[in-house]
Amino acid sequence: DIFQHLKNFCIRKINSGDETYVAELFNLYKEILQNKQLVRSGIINQWEYKNITAIGLRLAEFQFIKSFIKKYNKLLPTEQQSNALCFNEALCHFHERKYHQCIKKLSAVAMSDLFYALDVRSLQLRSYYLLDEDDMFYYHADAFKAFLNRHKKMSLHQKSNYKNFIKIMVHLRKAGHHHATLIPLRNQIESSVALPNKRWLLETIDEVLQIN
């Protein structure tokens with residue numbers, strides 16, 4: 001209960017914009033793993049598995065995360081192991097800027113689960129953007145929009161958020177390195193409340209602006 005309270009506290013701080021708690025949360029996860037508080041009856045939760053990977057990669061803890069992904073995958077329920085392994089390895093490749101390897105791994109992820117489907121499509125779109133592969137980028141943007149339109153169980157709010165993400169990604173692709181377009185787009189992203197991958201979008205634009 002104490003660990004859960006501390007985790008929730010760190011997550012609230014991170015969501016409010018306090019980046020210092022990213023490292024705090026990662027260290028907390030490592031302590032939980034060491035004390036086996038995360039693993040109940042020999043099974044780890046697939047979303048905790050994904051969260052630890054994402055937080056560690058955010059801190060560029062690549063060696064730890066690569067070891068973690070392999071070591072703890074076998075503690076997932078058997079039917080979740082393949083999907084979780086492929087997705088988390090793809091996420092690792094993405095953060096290492098190995099975008100072709102990322103895309104290859106994503107192709108092996110079964111997207112029957114809505115959360116995986118959204119994450120895979122988002123990661124594909126970001127990878128093709130960073131590879132400057134326009135044909136594949138626009139193909140996946142259209143495919144992502146079609147997926148959202150035909151999905152019956154997704155809330156309208158969630159659909160709207162992801163459609164906004166796709167729209168911004170397309171604007172970002174078309175903007176290229178033009179400051180006059182990127183700066184207003186950055187302001188739009190900054191003011192968006194529930195935008196998927198918001199932090200990545202801001203960091204990507206900032207990187208382009210600094211290069212130019």
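This is a predicted model, so every value here is computed, not measured. The analysis underlying the following values was restricted to heavy atoms, covering all of them including side chains, and did not include hydrogens, waters or symmetry mates.
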Atom CG of residue position D135 - does it have more than 12 heavy atoms of other residues, nucleotides or ligands inside 6.0 Å?
no

How about I14 and R58: do any of their side-chain heavy atoms sit closer than 4.5 Å?
yes

Interatomic spacing from CG in L57 to CD1 in I55 - rounded to 0.5 Å
9.5 Å

Taking it one step at a time, do N164 and Q188 satisfy side-chain contact (heavy atoms from CB on, under 4.5 Å)?
CA-CA 11 Å; N164 192 27; Q188 179 187 342; 4.3 Å; yes

Under 3.5 Å, side chain of N73 to main-chain N/O of I69, donor-acceptor pair present?
no

Rounded distance (nearest 0.5 Å) linking atom NZ of K98 with atom NE2 of H100
13.5 Å

Closest contact, heavy atoms only, F26 versus G56
CE1-CA, 3.5 Å

Atom CG in L123, atom NZ in K105: separation rounded to 0.5 Å?
13.5 Å

For Y138, does the OH atom sit with more than 12 other heavy atoms under 6.0 Å from it, leaving out its own atoms?
yes

Could you measure the distance from the NZ atom of K167 to the CG atom of L185? Nearest 0.5 Å is fine.
10.5 Å

What's the shortest heavy-atom distance between V208 and G176, and which atoms?
CG1-O, 4.0 Å

Can you find a pair of side-chain heavy atoms, one from S122 and one from Y162, that are under 4.5 Å apart?
yes

State plainly whether the residues E207 and R97 are in salt-bridge range, i.e. N to O under 4.0 Å.
yes

With a 4.5 Å heavy-atom cut-off, do L25 and L6 have their side chains touching?
no

In Å, rounded to the nearest 0.5 Å, how long is the span from CG of N51 to CG of N45?
8.5 Å

Residues A175 and L182: closest non-hydrogen pair is CB-CD2, 3.8 Å

Under 3.5 Å side-chain donor-acceptor pair for Q4 and N8
yes

So how far is it from F9 CZ to L28 CG, rounded to the nearest 0.5 Å?
11.5 Å

Got more than 12 heavy atoms from elsewhere within 6.0 Å of CZ, F115?
no

Say whether Y139 and F137 are linked into one hydrophobic cluster, either directly or through other cluster members, by side-chain heavy-atom distances under 4.5 angstrom.
no

Indicate the ring-plane relationship of W47 and Y116, choosing parallel, tilted or perpendicular according to the 30° and 60° boundaries.
tilted

Do you know the tightest heavy-atom contact between A90 and C102?
O-SG, 3.4 Å

Does any part of the side chain of I103, heavy atoms only, come nearer than 4.5 Å to the side chain of M136, both counted from C-beta?
no

Do the rings of F144 and F165 sit parallel, tilted or perpendicular, given the 30° and 60° boundaries?
perpendicular

N149 side chain near K163 side chain, heavy-atom distance below 4.5 Å
yes

With a 3.5 Å distance limit and no angle check, can you tell me whether S160 reaches the backbone of L156 through a side-chain donor-acceptor pair?
no

D119 side chain reached by L91 side chain, heavy atoms, under 4.5 Å:
no

Heavy-atom closest pair (K159 atom, H151 atom, distance to 0.1 Å) is NZ-O, 2.6 Å

Can you check whether W200's main-chain N or O pairs, donor with acceptor, with N197's side chain at less than 3.5 Å?
no

Between S191 and N187, is there a donor-acceptor pair closer than 3.5 Å when you use the side chain of the first and the backbone of the second?
yes

How about R126 and Y99: do any of their side-chain heavy atoms sit closer than 4.5 Å?
no

Out of the candidates E133, M169, R173, only one should pair with Y128 under the side chain to side chain contact (heavy atoms under 4.5 Å, CB included) rule; please name it.
E133

Can you list the steps and then say if K198 with V193 is a side-chain contact (heavy atoms from CB on, under 4.5 Å)?
CA-CA 9 Å; K198 178 177 177 177; V193 177; over 6 Å; no

Starting from the C-alpha separation in whole Å, work towards a yes-or-no answer on side-chain contact (heavy atoms from CB on, under 4.5 Å) for T204 and Y129.
CA-CA 11 Å; T204 300; Y129 164 79; 3.7 Å; yes

Of all heavy-atom pairs linking N88 and Y49, the shortest is ND2-CE2, 3.2 Å

Does a side-chain heavy-atom distance below 4.5 Å link K7 with I32?
yes

Report the C-alpha separation of L118 and Q158 in whole Å, then their side-chain angles, then the decisive distance to 0.1 Å, and conclude whether the side-chain contact (heavy atoms from CB on, under 4.5 Å) test is met.
CA-CA 10 Å; L118 291 171; Q158 193 174 28; 3.5 Å; yes

